[in-house]
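Counting convention: from 1, in listed order, for ligands and their atoms alike. Reckoned from all heavy atoms, side chains included, excluding hydrogens, waters and symmetry mates.
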Amino acid sequence: MNPFDTLAAEQLLSGARLLGPVFRRETTASTNDEVRELGLAGAGEGTVVVAEAQTAGRGRQGRGWHGASGACLMFSVLLRPTVAVEEWAALGPLAGTAVAAAGTQLGGAPLGTKWPNDVVSGGRKLGGLLLEGRPPEFVVLGIGINVRGAEADFPPDLRATATTLEAVSGRQVGRETLLAGIVNELDRLYGWLLEGREAELLAEQKRRETVLGREVTMRSAGRILRGQAQDLTTRGELKLRTEAGEIVVATGEVQSVRGLDGELPV
Ligand code: BTN
């Protein structure tokens, strides 16, 4: 596996705001920690750290993230949003949409999002996002995507639920191209957030969201909730119609999804 080529990735970045620089680490604890340190030292928005391997990669809800070296694209981006801190909650679904859009363009197979922060295909997860904020100064957006390999290569506990971009698209997409594609899409959608183009942003997110209209079981703030996923809000929340009425869920984890045909749209 060739080492990640930071120069090639930087040359593919075309955005107005998120232009790098892109730093590479052979091994680090977590790229989120690296970018946080850079953020504290005053680094500019758009600074990226990519790692070949992480020794303490973090996932959401206190889980770990174990990405196989070279087969997984693991990186973090520094953002310094100029919108009110309450609006930062929109960044998770926004970033998921950017990853799904870029992966779809480059792989040719449709990818979707699974609220709040997963990227999926055929109901299987191929990527996830972890946002760690230090409001009002900056937020670190960490992204992990399974790029190479077959579903059978995953450990037994993940084999039925995880996939890779290569497995769903049949294409080998270079990690530099994928990173730049994601950051460029992120730049476009993040620009909409900063410019107050909330309606357009929400429409794009809803086009990619796979749980809408589905019966879901989810865990939120220690409670198990069941209902039909109705809508997303501009603050990154999920509206759920439950037996007790409509509720708006800010954070949580969708545990199972059931549609009329039992299939997810992508
Ligand atoms: C999840 O699906 O739970 C989120 C996974 C996020 C993993 C990425 S890999 C790069 C960055 N560094 C980390 O420690 N985590 C994120």
For [atom], the protein heavy atom that lies nearest, with its residue and separation:
atom                    : answer
atom 12 (N) of ligand 1 : Q54 OE1, 2.9 Å
atom 2 (O) of ligand 1  : K125 NZ, 2.6 Å
atom 11 (C) of ligand 1 : T31 OG1, 3.3 Å
atom 15 (N) of ligand 1 : R58 O, 2.7 Å
atom 5 (C) of ligand 1  : W65 CE3, 3.4 Å
atom 3 (O) of ligand 1  : R60 N, 2.7 Å

Under 4.0 Å from ligand 1, counting heavy atoms only, is it the side chain of S76, its backbone, both or neither? side chain
Mode of N117 contact toward ligand 1 - side chain, backbone, both, neither (heavy atoms, under 4.0 Å): neither
Atoms of ligand 1, numbered as shown, that sit under 4.0 Å from any heavy atom of [X]:
X    : result
F75  : 10 (C)
G142 : 11 (C), 16 (C)
L129 : 4 (C)
G59  : 1 (C), 3 (O), 4 (C), 5 (C)
G57  : 14 (O)
S30  : 12 (N), 13 (C), 14 (O)
N32  : 11 (C), 12 (N)

Answer yes or no: is there an ion pair linking [X] with [Y], defined by an N-O contact shorter than 4.0 Å?
X    : Y    : answer
E195 : R17  : yes
E52  : R24  : yes
R58  : D33  : yes
E132 : R36  : no
E209 : K206 : no

To the closest 0.5 Å, what do you measure between [atom1] ([X]) and [atom2] ([Y])?
X    : Y    : atom1 : atom2 : value
L91  : R235 : CG    : CZ    : 12.0 Å
L94  : L189 : CG    : CG    : 5.0 Å
W115 : L232 : CH2   : CG    : 9.0 Å

So, applying side-chain contact (heavy atoms from CB on, under 4.5 Å) with L240, which one of L225, V248, V211, D231 is it? L225
Y190 and V77: same hydrophobic cluster, using ILVMFWY side-chain contacts below 4.5 Å? yes
